[in-house]
Amino acid sequence: MEIANKILSGENISKEIFLNIYEDSKIDTLDLLNEAYKLRKHYYGKKIKLNMILNAKSGICPEDCGYCGQSRDVKSKERYSLVSEEQILNGAQVANDYNIGTYCIVMSGRGPSNKEVDHITKAVKEIKVTHPQLKICACLGLTNNEQAKKLKDAGVDRYNHNINTSENYHDNVVTTHTYKDRTNTIEIMKDNNISPCSGVICGMGESNQDIIDMAFALKEIDVDSIPINFLHPIKGTKFGSMDELTPMKCLRIISLFRLINPSKEIRIAGGREVNLRSLQPLALKAANSIFVGDYLITGGQPNELDYNMIKDLGFEIDYGYNEIQGNKNNVKE
């Protein structure tokens, strides 16, 4: 199989071909992963980007997302309003101390109030003075153009708003907002020159076609960063008893996302520890970015294990931030 070379030569590979590749049991997953590695190495060498999350507002949400332990339908959950500016600044200090490249400030809820945006932007301005090298990603929900301008002016570098699933499967995951609501938010950020970040959650009952459609949708939206989450079932949620993933299936998904979005930052995100298990290091042959530490309401593995994994692979932490993705002139062999 020489699909990586075809992609690098500029050949246009159709959805149908990628679906056939994904479903073909005769194509060994490790061979597919090796094709993904050719592209990952071409665009990023052996660099790994590190990200850290601050759960700045938890459990207060009117949405009915079937995967989320903070949704309105989950009765037993931790709830707190937007944390203080001091807590946001303290999180930035932790990120700095651990050599994290991107600090992600995340809020539960449909979207932020103007007061909440002002609170966060005040903290971001201070972070940019204290830790100018630290890149800030905001994940606040559905926003408008005025709020996006405030975030940009404060120094927010990136905005995350996941599509989560395919447009076709969206209504099976959430009914309180539309797929278009999500993509509109991404477009608002792009219009305000904020780097767009959008990803998926796999393992929620979607079809193989849905998985390919997700990867192509993100290609068409032209996001800079793609976090791939694997469902970590949470008791009390719609998908709380679902178990459709295996480590090899996860590797196959990550490989296809790299092949379809060859030059983008591909990040293994929530659920990697419980779904990839002992195969986590192999995922970095396709992905070039990971979260370090805990997620929103689920725990990650100890930081030391992540740093050791990177070192053992012979990879290097990327402390920089390249606004233009896929700059092959910066690749190190």
Side-chain angles (χ1 to χ4, degrees), residues 18-37 40 51 53 65-71 74 162-174 198-218 225-261 266-292 294-301 305-306 309:
F18 276 118
L19 179 61
N20 289 337
I21 290 171
Y22 180 71
E23 294 183 330
D24 190 348
S25 60
K26 295 178 182 178
I27 298 177
D28 188 275
T29 298
L30 295 182
D31 289 337
L32 189 61
L33 184 63
N34 191 53
E35 290 299 300
Y37 179 62
R40 184 243 195 275
N51 309 263
I53 289 177
C65 304
Y67 55 86
C68 185
Q70 301 184 78
S71 79
V74 177
N162 293 333
I163 60 169
N164 286 330
T165 191
S166 72
E167 184 172 12
N168 178 65
Y169 195 68
H170 181 270
D171 290 349
N172 293 283
V173 176
V174 58
S198 187
V200 300
I201 305 171
C202 297
M204 299 190 294
E206 69 280 346
S207 68
N208 292 339
Q209 182 68 62
D210 288 320
I211 290 173
I212 302 302
D213 287 347
M214 291 181 224
F216 267 87
L218 295 170
S225 178
I226 302 174
I228 301 176
N229 299 274
F230 297 108
L231 182 68
H232 186 165
I234 298 171
K235 186 177 180 180
T237 64
K238 179 179 180 178
F239 303 129
S241 60
M242 193 164 283
D243 183 16
E244 295 192 348
L245 298 171
T246 65
M248 293 300 273
K249 183 174 182 178
C250 292
L251 289 179
R252 212 165 179 89
I253 290 170
I254 297 168
S255 297
L256 262 294
F257 268 77
R258 170 59 70 196
L259 293 170
I260 295 169
N261 296 277
I266 304 290
R267 184 184 317 137
I268 44 174
R272 69 175 164 97
E273 294 87 353
V274 298
N275 287 291
L276 282 160
R277 301 197 290 272
S278 62
L279 299 191
Q280 284 186 72
L282 287 180
L284 293 179
K285 289 196 70 177
N288 66 298
S289 180
I290 61 171
F291 279 111
V292 174
D294 294 337
Y295 303 98
L296 289 178
I297 59 172
T298 58
Q301 66 184 18
L305 294 181
D306 287 329
M309 178 173 67

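A donor-acceptor distance shorter than 3.5 angstrom exists from the side chain of N51 to the backbone of I290, with no hydrogens or angles considered. A donor-acceptor pair under 3.5 Å links the side-chain atoms of S198 to the main chain of I163, judged by distance alone. R267 contributes no side-chain N or O that, together with a main-chain N or O of F291, makes up a donor-acceptor pair within less than 3.5 Å. Side chain of K238 to main chain of N172: a donor-acceptor pair is present (N/O by atom type, distance under 3.5 Å, no hydrogens or angles). Checked by atom type and distance alone, the side chain of R258 never pairs as donor or acceptor with a backbone atom of A36 at under 3.5 Å.
Scanning all heavy atoms of the two residues, the minimum distance from N288 to R40 falls at CA-NH2, 3.6 Å. Contact between A286 and I254 at its shortest, heavy atoms only, is CB-CG2, 3.5 Å. Of all non-hydrogen atoms in Y22 and I212, the two that sit nearest each other are CB-CD1, 4.3 Å. Taking every heavy atom of both residues into account, T237 and C68 meet most closely at CG2-O, 3.4 Å.
Remark: of the listed residues N229, I234, L231, L231 is the sole one forming a side-chain contact (heavy atoms from CB on, under 4.5 Å) with Y67.
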Got a list of side-chain donor-acceptor pairs under 3.5 Å for residues 200-208, not counting sequence neighbours?
from	atom 1	to	atom 2	distance (Å)
E206	OE1	G203	N	3.4
E206	OE1	M204	N	2.8
E206	OE2	G203	N	2.7
S207	OG	Q209	N	3.4
S207	OG	D210	N	3.0
S207	OG	D210	OD2	3.0
N208	ND2	E23	OE2	3.0

Should I253 and K249 be marked as a side chain to side chain contact (heavy atoms under 4.5 Å, CB included) after you check the CA-CA gap, both sets of side-chain angles, and the distance that decides it? CA-CA 6 Å; I253 290 170; K249 183 174 182 178; 4.3 Å; yes

